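The block underneath contains the structure these notes are about, expressed in structure tokens.
One-based numbering, in listed order, for ligands and for the atoms of each. In what follows, residues are counted from 1 in the order of the sequence shown. What you see is a predicted model, and the numbers here were worked out from it, not measured in a lab.
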Amino acid sequence: MSADVGTRVETLLEKMTLAQKIGQMVQAERQVIGPEEVKAWHIGSVLSGGGSCPGENTLRDWVEMNDAYWAASMQEDDEHLAIPIIYGIDAVHGNNNVRGATVFPHNIGLGATRDPDLLERIAGVTAKEVLATGVDWTFAPTLAVARDYRWGRTYESYSEDPAVVCSYSGRFVRGLQGDLGTDGVVACVKHWVGDGGTQYGIEQGDTRVSEAELRDRHMAPYVPAIGAGALSVMVSFNSWNGDKCHGHKYLVTDVLKRELGFLGCVISDWDGIDYLSDSYFEATALGVNAGIDMFMISEQWKSFVEHLSAHVSRGTVAMERIDDAVRRILRMKLAFGLFEKPRPAERYWSVHDSYGSREHREVAREAVRKSLVLLKNEGALLPLSKDQRILVAGKNADNRGHQCGGFTVAWQGTSGNEFVEGGTSIWEGIRAVAPGAVMSSDGSGKDADPDLHDVAIVVIGEKPYAEGMGDLRTGDDDVVKAGSQIHGSLKVLEPYGGTTVLSELHPEDLETITAIASKEVPVVTVMVSGRPLVTNLELDASTAFVAAWLPGSEGQGVADVLLGDHPFTGRLSFSWPQRPGTPGSLGDAEGEPRFPFGYGL
Ligand code: GLC
């Protein structure tokens, strides 16, 4: 932070009333606040939750919305100081909420590329596609080091190995923020801290590890991110040994702010303080006093303002804490040059025609190619040749929604091709280069015929999910146990399924593979999923097997490699399990993995 920023922060802070200070500490969801309230309550930030889009979700709709919020925040009068609003969004694999965006592979696939330079380029493209909508702040990158693939957010993690995450974190922050000029957006590294270590893979659960393990495994990636100048950090819903991070003064203030020297803004997660106490009044003080600076609130932001004002007048929240929070928020806005920026409608990248462009999509296509991991290739079946007679089958073969996964247009993702505008499904990518390729009539492969087909490509795996709705859990014993350990409440969503064995989770996949293999047509299986799963039966029934993760909109990248234009270079960034339970190579108790971390043919 430059000295100039420091001076400007102090000058502004001195002019601010308590109401204006507390208003800056609020980030309200766009559906519960309009521009006039942003001005009247001096609100510091507005956000879009997953899938919360203005109008028809076009670039112009986004820029118009941001322009209105910005203009309101800048209308100075006796009551209101001109402090520009900052708008936040989950652009976690491209500007994924918005129609026509370039959708990149989710982090688990990027972990398999082992290519930090590529990560920085992806971040740079993502920043421009976020700026095209007039938005300044993305809640990315996730720095979780996921340790149990039952967790619904495994795909948001680059790797089970902190070293891989560390090699990416600073680079991605630099790619997003650039030189903090017109081409960058504010990064928000998340979730502080230990989200990936949640016991049993329960989203928002309890991370029961020693402080040494918390530091070496889960805090480590934040050091290069802070070194790269990340301007914000988001606190985790998780608890550490029973104590919620949102109320954890030691983790937020003593470690993150003091020991690691983080000078930017610490923001809560979505209503994250609500789970600290049954009383929102009490939760407000707990969250503020823990050291959180800005509060992401989906509805009750007016109560938050009233409660915090009451705490300050009672002295249960000190004025110094308020000033620290507002100082950090102003620092983030000033360091980012927000005060110098013109209104969103007049900014260089707003509605820019590079959005969703071929050039941007080529970066995503390269990422898809480099993310593919070849797990089996009997008789060197792969690469295929373009003039082979290829039968394509499987529920994920022609489904851009499924290949993008969660956090795409909608919070829980979409199904079919219509909602992901632009890009190619895996089938569309194959058809574009292999004239002899045909789609199985009903996708089931029953029409396989060795006289007509030389080889089959069967695209299997998971359907989209996000957060707790992606958890895999047999029954609720683990949840009850985790809940009993946590001081506060645990929000549990309907899990994705009750098993980590693919043939039980999605039996249709093995059926399709065997329907074709039994006709003596060799099968190349491509698995589209947010995580490794137990796939012994599918592997044994396939001649070749490729982990494709969640490739995003540019399915063409899969054909580029299957058909030999590019080699397989991906390496597992997660151990692949042999049986239910966490694979041994994670360093935890369970058995040997089917394929270890780092594997790839
Ligand atoms: C969600 C996620 C967080 C996201 C935020 C806003 O619950 O935990 O990663 O940035 O809310 O959508």
Side-chain angles (χ1 to χ4, degrees), residues 26-33 45-53 86-98 106-108 126 130 133 135-146 151-158 169 172 176 185-198 201-205 207 218 221-222 225 230-239 244-246 265-275 287 292 294-299 301 405-413 464-471 489-494 530:
V26 172
Q27 179 183 68
E29 216 283 338
R30 57 172 281 280
Q31 296 167 79
V32 296
I33 192 165
S45 177
V46 178
L47 88 144
S48 278
S52 173
C53 308
I86 184 165
Y87 197 99
I89 194 167
D90 290 292
V92 295
H93 61 139
N95 195 2
N96 39 256
N97 288 293
V98 185
H106 268 296
N107 288 352
I108 192 168
T126 301
V130 170
T133 58
V135 171
D136 303 300
W137 190 10
T138 176
F139 307 128
T142 297
L143 301 184
V145 179
W151 188 35
R153 307 193 75 166
T154 298
Y155 68 76
E156 296 182 67
S157 169
Y158 293 121
S169 66
F172 203 87
L176 281 177
V185 292
V186 174
C188 180
V189 286
K190 67 185 187 180
H191 310 78
W192 178 264
V193 66
D195 49 351
T198 181
I202 296 173
E203 163 57 5
Q204 309 195 9
T207 297
H218 300 290
Y222 287 82
L231 288 174
S232 64
V233 174
M234 187 184 294
V235 179
S236 177
F237 281 122
N238 279 76
S239 299
K244 284 198 168 285
C245 293
H246 274 78
C265 168
V266 176
I267 183 167
S268 81
D269 201 331
W270 184 271
D271 296 331
I273 62 170
D274 296 20
Y275 308 98
I292 298 174
M294 185 178 271
F295 293 79
M296 184 188 294
I297 300 170
S298 68
E299 286 178 39
W301 57 271
F407 287 102
T408 308
V409 180
W411 178 47
Q412 291 295 316
Y465 52 77
E467 302 186 39
M469 295 181 78
D471 286 359
S489 57
L490 179 60
K491 176 179 81 176
V492 179
L493 300 176
E494 187 61 30

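If you check the side chains of E29 and W270, you find no donor sitting under 3.5 Å from an acceptor. No donor-acceptor contact under 3.5 angstrom links the side chains of W151 and T198, judged on distance only.
Close approach of ligand 1 to F139 (heavy-atom distance below 4.0 Å) involves ligand atoms 10 (O). Near M296, meaning under 4.0 Å from any of its heavy atoms, are these atoms of ligand 1: 5 (C), 6 (C). The distance from ligand 1 to the heavy atoms of K190 drops below 4.0 Å at these ligand atoms: 3 (C), 4 (C), 9 (O), 10 (O).
Closest heavy-atom approach to atom 10 (O) of ligand 1 among the candidates I89, L47, D90: D90.
For ligand 1, the polar-atom distance check against W270 finds no nitrogen or oxygen pair separated by under 3.5 Å. Here's the thing with H191: one of its N/O atoms is less than 3.5 angstrom from an N/O atom of ligand 1. Considering backbone and side-chain N/O of E203, none are found under 3.5 Å from N/O of ligand 1.
The main-chain N or O of I292 is never found under 3.5 Å from a side-chain atom of H246 such that the two would form a donor-acceptor pair. The backbone N or O of A91 lies less than 3.5 Å from a partner atom in the side chain of T138, making a donor-acceptor pair.
Between P464 and T408, every side-chain heavy-atom pair lies at or beyond the 4.5 Å cut-off. Side chains of V186 and I86 form a contact here, defined as non-hydrogen atoms less than 4.5 Å apart. Side-chain contact between D90 and K190: present, with at least one pair of heavy atoms (C-beta onward) separated by less than 4.5 Å.
Contact annotation: for W411 versus ligand 1, there are no heavy atoms closer than 4.0 Å. Residue contacts with ligand 1, taken as heavy atom pairs separated by less than 4.0 Å, involve R153 solely via side-chain atoms from C-beta onward.
Scanning the protein for heavy atoms near atom 5 (C) of ligand 1, the closest one is D269 OD1, 3.4 Å. If you check which protein heavy atom lies closest to atom 1 (C) of ligand 1, you get E467 OE2, 3.2 Å.
Y465 and G470 make their closest contact through CD1-CA, 3.2 Å (heavy atoms, listed as atom of the first residue, atom of the second, distance).
Using a 4.0 angstrom heavy-atom cutoff, M234 counts as in contact with ligand 1.
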